[in-house]
Amino acid sequence: MSKAKVLVLNGPNLDRLDLRDSSIYGTMNFDQLSSFIGESATSLGLEVEVRQSNSESEIITWLHEAADNRNPVIFNPAAFTHYSYAIRDAAAMLTAPLIEVHLSNPLAREEFRHTSVISGVSHGTIGGFGPDSYRLALIAMKELI
Ligand code: DQA
């Protein structure tokens, strides 16, 4: 198994999960979600680093870093999913697998969430399982790397 560190990148407003609609996003705050991701990774024998940013620019810089270091990436782009061509272009340059994740199922929500500009440059997408979306992505990533 590769020892490559998996970066788990999270986009805007996910740092305020506890203030968002709990019927959509559940009840974990971001620190709890990060711990859950870390524990899931440890039980799978994977090394992860979890990051969150509200800045498109910072996320692009992180994707460049992941490309340069050949890190696999699990990515919840949050609202950037639906319109950021700059993030898509950065994701397209990744050199290891990318898995897109969502807590909710965007396809079951408002129409503007039905478009993902990231899916086309991802290995696959997992959404609708709450925090388990990340755990399922880690399981899938373990098979890929
Ligand atoms: C989200 C879904 C997006 O549509 C939304 O903008 C988010 C979170 C999710 O994890 O379900 O902020 O990516």
Side-chain angles (χ1 to χ4, degrees), residues 4-44 46-67 69-145:
K5 178 165 68 182
V6 179
L7 291 185
V8 182
L9 305 182
N10 293 277
N13 301 308
L14 292 170
D15 55 334
R16 293 170 72 84
L17 269 184
D18 46 332
L19 300 175
R20 299 183 76 179
D21 186 339
S22 60
S23 68
I24 296 172
Y25 295 112
T27 54
M28 276 191 197
N29 65 31
F30 187 74
D31 284 347
Q32 291 167 328
L33 177 65
S34 298
S35 300
F36 174 80
I37 294 166
E39 285 158 19
S40 302
T42 301
S43 71
L44 289 163
L46 293 172
E47 186 188 349
V48 286
E49 185 176 326
V50 182
R51 300 182 191 173
Q52 187 278 330
S53 179
N54 295 320
S55 157
E56 188 177 30
S57 158
E58 188 168 35
I59 290 170
I60 291 167
T61 299
W62 288 345
L63 290 168
H64 292 173
E65 175 195 325
N69 296 333
R70 302 196 166 275
N71 295 113
V73 176
I74 292 173
F75 188 21
N76 184 346
F80 288 142
T81 305
H82 311 303
Y83 67 91
S84 177
Y85 299 121
I87 286 181
R88 178 197 163 100
D89 285 349
M93 289 187 279
L94 286 169
T95 46
L98 166 67
I99 299 177
E100 178 185 352
V101 299
H102 299 282
L103 290 160
S104 67
N105 175 2
L107 296 175
R109 300 180 61 195
E110 303 96 318
E111 202 167 336
F112 75 89
R113 298 186 202 275
H114 298 183
T115 297
S116 169
V117 300
I118 307 300
S119 294
V121 293
S122 302
H123 188 92
T125 301
I126 299 172
F129 298 94
D132 265 341
S133 293
Y134 291 84
R135 193 176 60 79
L136 294 168
L138 286 164
I139 291 168
M141 188 63 88
K142 188 174 174 171
E143 293 299 317
L144 290 175
I145 62 180

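Position 1 is the first residue of the sequence; numbering continues from there. Quick caveat, the model's predicted, so the values are computed rather than measured. Counting starts at 1 for both ligands and their atoms, in listed order.
Inspection of the Tyr25 and Asn13 side chains reveals no N or O donor paired with an N or O acceptor under 3.5 Å.
Between the side chain of Asn76 and the main chain of Asn10, no donor-acceptor pair closer than 3.5 Å is present.
Ligand 1 places these atoms under 4.0 Å from at least one heavy atom of Arg20: 7 (C), 12 (O). For ligand 1 and His82, the ligand atoms under 4.0 Å from any heavy atom of the residue are 3 (C), 4 (O). For ligand 1, the atoms lying closer than 4.0 Å to a non-hydrogen atom of Tyr25 are 5 (C), 7 (C), 8 (C), 9 (C), 11 (O), 12 (O).
Residue-ligand proximity: Asn76 is placed with a non-hydrogen atom under 4.0 Å from ligand 1.
Relative ring orientation between Phe112 and His82 is described as perpendicular, the plane-to-plane angle rising above 60° on a 0-90° scale split at 30° and 60°.
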Practice problem: Would you please test Val50 and Leu33 for side chain to side chain contact (heavy atoms under 4.5 Å, CB included) and show each step? | Solution: CA-CA 10 Å; Val50 182; Leu33 177 65; over 6 Å; no

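Of the polar atoms of Leu14, none of the N or O atoms is found under 3.5 Å from an N or O of ligand 1, judged by distance alone. Of the N or O atoms in Leu103, one or more lie within a sub-3.5 Å distance of an N or O in ligand 1. The distance criterion of under 3.5 Å between nitrogen or oxygen atoms is met by His102 with respect to ligand 1. Ligand 1 has a nitrogen or oxygen under 3.5 angstrom from a nitrogen or oxygen of Arg113.
For Glu111, the CD atom is loosely surrounded, since the number of other residues' heavy atoms within 6.0 Å does not exceed 12. Heavy atoms from other residues, nucleotides or ligands lying under 6.0 Å from NE2 of His123 number 12 at most.
The minimum heavy-atom distance between Ala140 and Ile99, with the atom names listed, is CB-CD1, 3.8 Å.
Proximity annotation for atom 11 (O) of ligand 1: of Ser104, Gly11, Gly26, Ser104 comes nearest, heavy atoms only.
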